[in-house]
Amino acid sequence: METSQLSGSNALGATLDLARATPAVAAVNLSGLTRGQLAAALVEAGVVPAAKAKMRAGQIFRWVHFRGVTDFEQMTDVAKETRAALAGAFVLTRPEIVERQVSKDGTRKYLIRVAPGIEVEAVYIPDVGRVGALCVSSQVGCTLNCTFCHTGTQALVRNLTAAEIVAQVQVAKDDLDEWAVDGEDRKLSNIVFMGMGEPLYNLDAVADAIEIISDNEGIAISRRRITVSTSGVVPQLQALGERTQAMLAISLHATNDALRDVLVPLNRKYDIATLIEGIRNYPGISNARRVTFEYVMLKDVNDSLDEARALVQLLKGVPAKINLIPFNPWPGTQYECSDWATIERFAAILNRAGYSSPIRTPRGRDILAACGQLKSESEKVRASVRRRDAAALAQSPS
Ligand code: SAH
Ligand code: SF4
């Protein structure tokens, strides 16, 4: 595969697959610019003079991120010539929603085509967080190969840009019809970076997206209601905390290195002791701002009561919450989900030790929207359907 190291505000130094990359000449989507970046871009494009940039940027930012407009013509208090200049220099379009599914339990899943051939999924889950959470993706595919994760079986296609991450939130807000709605009446209160990909391998875009989503002039979801989940990229933890002030979630899944080396191969690079040390130093961590430890329940692999006790020992002194995730099976996986009684016994040990350890109820199973990896399943199905169609086409007499 031909790859190239691109630079520039949208490329973020990621290694991109050129065949599928957004064309370098594509106009900048304003949705991916922080308020500060927007002011600079307006001046650079000659749309407004420097002296007026901050004020104009605030005005335009509110149209885009508070009101959710998708057309410069809707910015009624912006002069006609300025609107025309904006339309000449930038775009504001939403990506195409390839598929939208709603589960019996209210979970909504969106398959979004952010660029030709680049599709990601975002899942809205009601009654999670304060009123509802949106699970967003940070990459298409993943470079890591956690053995229980379906996304891990997909090669990284590319990093998402800040605009493409923000677009997932915009699509959900369009669908929930909640632009320009006061905080109290909202259905979307929390954002979790628990979709496809490793957010800490795309920190520039993730940090910009968080700045945009949390900006009080726009979508205004507090940084304390934004959680970034990582498999443990220890050297980036400090930067994540400093740049985003987001809540931290760690995909732990094992209490000893021998097992974690297998489940989360990144552990061979940053072992459990190194990881825990990095977490203790996470900026802003306190009993009021605990780290969430995610622990996927794999039958006869990591679900013994001894492991529950080891988990309690391991997390001693770390302000922690533990989230037990029943394993979601996928075609070809070697793992099974622990029995419900085992999960409950495991949770009871954690609870007795004083940890809040909710078992994450699988949501949206009827539309294949449960935890993380099912997103890639939908892509995989699509890919296999494409291959089947291509094969059928090749065999059919012309
Ligand atoms: N790459 C990041 C964030 C995305 S994964 C990370 O690994 O943290 C979001 C969560 O779903 C992680 O805790 C991941 O371990 C978990 N997960 C992955 N595959 C799963 C599966 N098959 N069943 C249940 N949880 C899974
Ligand atoms: Fe990547 Fe997270 Fe899946 Fe591991 S669990 S393969 S880091 S998406």
Side-chain angles (χ1 to χ4, degrees), residues 120-123 125 128 133-160 165 168 191-203 205-206 226-234 236-237 240 246-254 259-270 275 278-279 291-299 301-303 321-338 343 357-365 368-380:
V120 291
E121 286 193 325
V123 179
I125 313 149
V128 166
L134 184 73
C135 175
V136 296
S137 298
S138 56
Q139 300 183 307
V140 184
C142 191
T143 52
L144 302 172
N145 302 302
C146 303
T147 46
F148 55 88
C149 174
H150 203 184
T151 308
T153 64
Q154 273 191 316
L156 177 73
V157 176
R158 72 162 166 83
N159 277 345
L160 293 177
I165 296 170
Q168 297 171 57
I191 303 283
V192 295
F193 283 79
M194 292 184 185
M196 296 167 72
E198 171 47 59
L200 297 199
Y201 282 159
N202 189 16
L203 186 55
V206 167
I226 300 177
T227 301
V228 175
S229 174
T230 176
S231 55
V233 186
V234 177
Q236 295 292 335
L237 288 177
L240 173 73
M247 304 299 285
L248 179 63
I250 299 286
S251 295
L252 187 64
H253 307 316
L259 179 58
R260 196 162 189 272
D261 280 352
V262 174
L263 298 180
V264 184
L266 186 65
N267 195 69
R268 293 178 209 151
K269 218 164 168 184
Y270 313 114
L275 177 60
I279 294 164
V291 174
T292 300
F293 286 87
E294 296 158 286
Y295 195 96
V296 64
M297 297 300 294
L298 303 169
K299 187 176 190 159
V301 174
N302 65 353
D303 63 352
K321 287 186 277 195
I322 303 163
N323 212 327
L324 299 180
I325 314 176
F327 171 65
N328 289 307
W330 38 272
T333 182
Q334 65 194 81
Y335 298 109
E336 286 175 61
C337 182
S338 309
I343 301 179
S357 53
I359 303 166
R360 196 184 286 173
T361 326
R363 299 292 299 268
R365 273 195 166 166
L368 298 179
C371 230
Q373 92 293 356
L374 290 164
K375 304 174 173 193
S376 55
E377 184 175 345
S378 128
E379 282 217 323
K380 218 178 157 102

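Counting begins at 1 with the first residue of the sequence. Computed from a predicted structure; not experimentally measured. Both ligands and their constituent atoms are indexed starting at 1 by order of listing.
A distance-only check finds no donor-acceptor pair linking the side chain of S137 to the backbone of G195 [under 3.5 Å]. N159 places no side-chain N or O within donor-acceptor distance of the main-chain N or O of N202, the cut-off being under 3.5 Å. No side-chain donor-acceptor contact under 3.5 Å links N145 to the backbone of P265. No side-chain donor-acceptor contact under 3.5 Å links T227 to the backbone of M247.
Each of the atoms 22 (N) of ligand 1 lies under 4.0 Å from some heavy atom of W330. Near T230, the atoms of ligand 1 lying under 4.0 angstrom from a non-hydrogen atom of the residue are 6 (C), 8 (O). For ligand 1, the atoms lying closer than 4.0 Å to a non-hydrogen atom of I325 are 24 (C), 25 (N). Near S231, meaning under 4.0 Å from one of its heavy atoms, ligand 1 places the atoms 6 (C), 7 (O), 8 (O). Close approach of ligand 1 to G197 (heavy-atom distance below 4.0 Å) involves ligand atoms 1 (N), 2 (C), 3 (C), 4 (C). For ligand 1, the atoms sitting less than 4.0 Å from at least one non-hydrogen atom of C149 are 18 (C), 19 (N), numbered in the order shown with element in parentheses.
Contact analysis puts G195 in contact with ligand 1, with a non-hydrogen atom separation below 4.0 angstrom. The closest approach between a heavy atom of H253 and any atom of ligand 1 is below 4.0 Å.
Distances from atom 3 (Fe) of ligand 2 under 2.8 Å pick out these protein N/O/S atoms: C149 SG.
When the heavy-atom distances from atom 9 (C) of ligand 1 to H150, M194, Q139 are ranked, the shortest goes to M194. Counting heavy atoms only, S229 comes closest to atom 3 (C) of ligand 1 of the residues S229, S251, S137.
When only modelled atom types and interatomic distance are considered, T230 and E198 share a side-chain donor-acceptor pair under 3.5 Å.
Between V296 and ligand 1, a contact under 3.5 Å exists for no N or O pair.
Taking 4.5 Å as the limit, some side-chain heavy atom of E294 sits within range of a side-chain heavy atom of H253.
Proximity of E294 to ligand 1, defined as any heavy-atom pair under 4.0 Å, is confined to the side chain (atoms from C-beta onward).
Between F327 and Y335, the ring planes lie perpendicular to each other; the angle is over 60°, past the 30° to 60° tilted range.
Under the side chain to side chain contact (heavy atoms under 4.5 Å, CB included) criterion, M297 pairs with Y295, D303, L324, S338, I343, F346, not counting sequence neighbours. Residues forming a ring pair (Phe, Tyr, Trp, His ring centres under 6.0 Å) with F193 (at least two apart in sequence, or on another chain): none. Judged as a side chain to side chain contact (heavy atoms under 4.5 Å, CB included), and not counting sequence neighbours, the contacts of T143 are L156, Y201.
When every heavy atom of L134 is checked against every heavy atom of A122, the shortest pair comes out as CD1-CB, 4.4 Å.
Atoms CG and OG, from L263 and S251 in turn, are 11.0 Å apart once rounded to the nearest 0.5 Å.
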